[in-house]
Amino acid sequence: MNTQNNEALTLDVKFKVKDVLRYNASVARKNIVNCLIIALGLGVLVYFFYKMFTSGERMDIFVARHIVLLVVPVLIFIMIPWRVWKITLTQMQQPAFAYGVVYTFSKEHIVLDIGEASEAINWDVFAKIIETKNDFRFYVNHISAQIIPKHNMTSEQLQELRKMIGEVAPDRSQLR
C-alpha cells in the first residue's frame, strides 16, 4: 500500500508527454513576452482583415500585395506552440520525467526520490498549491511548479493528498 502509519503518503509518479506539455503550455501562457507577441499577432491579423474588407481590390490581389501581414501572425501562432513542444520533448529526456519520481508526503516535508538522488522539500517552500482537473501543482513561485498528474493516483490517494495539503498548507492551497 502507499501509506505508512497514516502519517505519510507515497506516490510513484510516471509522467506522460501530455502532462509535461500541459504544464509547459500553462507556463507559456503566463510569460509576458509570449502574451505580447500573441497580442501583436492578433493585432496584425485584425488589421489584415480590416484592410481586406475595406479595400476595393479583388481578394486575390489584396492577399498577394499584403501577404506579409498574413504570414507574420501565422508564424507567431506556429512558433510559440512549436517552442513549447521542443521544450517538452527535451524535458521528457531528463531522468525525473523519463523514469518517474517517487514522492513521499508527510506533514513535515515532501521527499522526492528520482532513483539516484533524493531531496526533502519543506512545505514552506511552496508559495501556492493548486489542484487542476488533471494534476496537482506545487508552485515554488508564480511560474515554476512540481506537477503530480492525477492519473497516477487512486481515489483514496487523491483524498488523502487533499486532506494532507489542507492540513499542512490551508492558506496556500486551492483544492477541488
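FYI, the numbering just counts along the sequence from 1.
By the side chain to side chain donor-acceptor pair (under 3.5 Å) test, R83 pairs with N34, sequence neighbours left out. T90 meets the side chain to side chain donor-acceptor pair (under 3.5 Å) test with no other residue; sequence neighbours excluded. E167 is linked by a side chain to side chain donor-acceptor pair (under 3.5 Å) to K107, counting only residues two or more places apart in sequence or in another chain. Under the rule for a side chain to side chain donor-acceptor pair (under 3.5 Å), D124 has no partner lying at least two apart in sequence or in another chain. Not counting sequence neighbours, H151 has no partner by the ring pair (Phe, Tyr, Trp, His ring centres under 6.0 Å) test. Residues passing the ring pair (Phe, Tyr, Trp, His ring centres under 6.0 Å) test with F126 are F138, sequence neighbours excluded. Applying the ring pair (Phe, Tyr, Trp, His ring centres under 6.0 Å) criterion to Y139, with sequence neighbours excluded, gives no partner residue.
The minimum heavy-atom distance between D135 and R22, with the atom names listed, is OD2-NE, 3.6 Å. For the residue pair Q93 and L89, the shortest heavy atom distance occurs at CG-O, 3.1 Å. Contact record, P95 with E116: CG-OE2, 4.3 Å, taken as the closest heavy-atom pair. Between M164 and A8 the shortest heavy-atom distance is CE-CA, 4.5 Å. Heavy-atom minimum distance, P149 versus V13: CD-CG1, 3.6 Å.
With hydrogens and angles left out, the side-chain atoms of R162 and S173 include no donor and acceptor closer than 3.5 Å. A donor atom on one side chain and an acceptor atom on the other are found under 3.5 Å apart for Q91 and N24.
For the ring-ring contact (aromatic ring centres under 6.0 Å, His included) condition, the pairs that include at least one residue of residues 39-61, sequence neighbours left out, are F48-F62. Sorted by first and then second residue, the pairs that involve residues 60-71 and meet salt bridge (Lys or Arg N to Asp or Glu O under 4.0 Å), not counting sequence neighbours, are E57-R65, R58-D60. Residue pairs meeting the salt bridge (Lys or Arg N to Asp or Glu O under 4.0 Å) criterion with at least one member in residues 29-53: none, sequence neighbours excluded. Residue pairs satisfying the ring-ring contact (aromatic ring centres under 6.0 Å, His included) criterion with at least one member in residues 10-32, sequence neighbours excluded, are listed as follows: F15-F97. Residue pairs meeting the salt bridge (Lys or Arg N to Asp or Glu O under 4.0 Å) criterion with at least one member in residues 66-76, sequence neighbours excluded, do not occur.
When each of I148, N152, T154 is tested with L11 by the rule side chain to side chain contact (heavy atoms under 4.5 Å, CB included), just one qualifies, namely I148.
Of the possible polar contacts, none joining the K150 side chain to the E131 backbone as a donor-acceptor pair under 3.5 Å is found.
With values rounded to the nearest 0.5 angstrom, F105 atom CZ is found 10.0 Å from Q157 atom CD. To the nearest 0.5 Å, the span separating CG on L40 from SG on C35 amounts to 13.0 Å.
In the hydrophobic clustering of this structure, I76 groups with V44; members are Ile, Leu, Val, Met, Phe, Trp, Tyr whose side-chain heavy atoms approach within less than 4.5 Å, directly or through other members. Cluster membership check: I38 shares its hydrophobic cluster with L36, using side-chain heavy-atom separations under 4.5 Å among Ile, Leu, Val, Met, Phe, Trp and Tyr. Both V72 and V33 belong to a single network of hydrophobic side chains, linked directly or stepwise wherever heavy atoms of I, L, V, M, F, W or Y lie under 4.5 Å apart. Follow the hydrophobic side-chain contacts under 4.5 Å out from L21 and you reach I143 in the same cluster. Linking ILVMFWY residues whenever their side-chain heavy atoms come closer than 4.5 Å, directly or via other members, leaves I67 and V74 in distinct clusters.
Proximity of I110 to V125: side-chain heavy atoms (C-beta onward) are nowhere separated by under 4.5 Å.
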| query | Yes or no on side chain to side chain donor-acceptor pair (under 3.5 Å) for S118 and D113, after CA distance, side-chain angles and deciding distance? | reply | CA-CA 4 Å; S118 182; D113 185 3; 4.7 Å; no
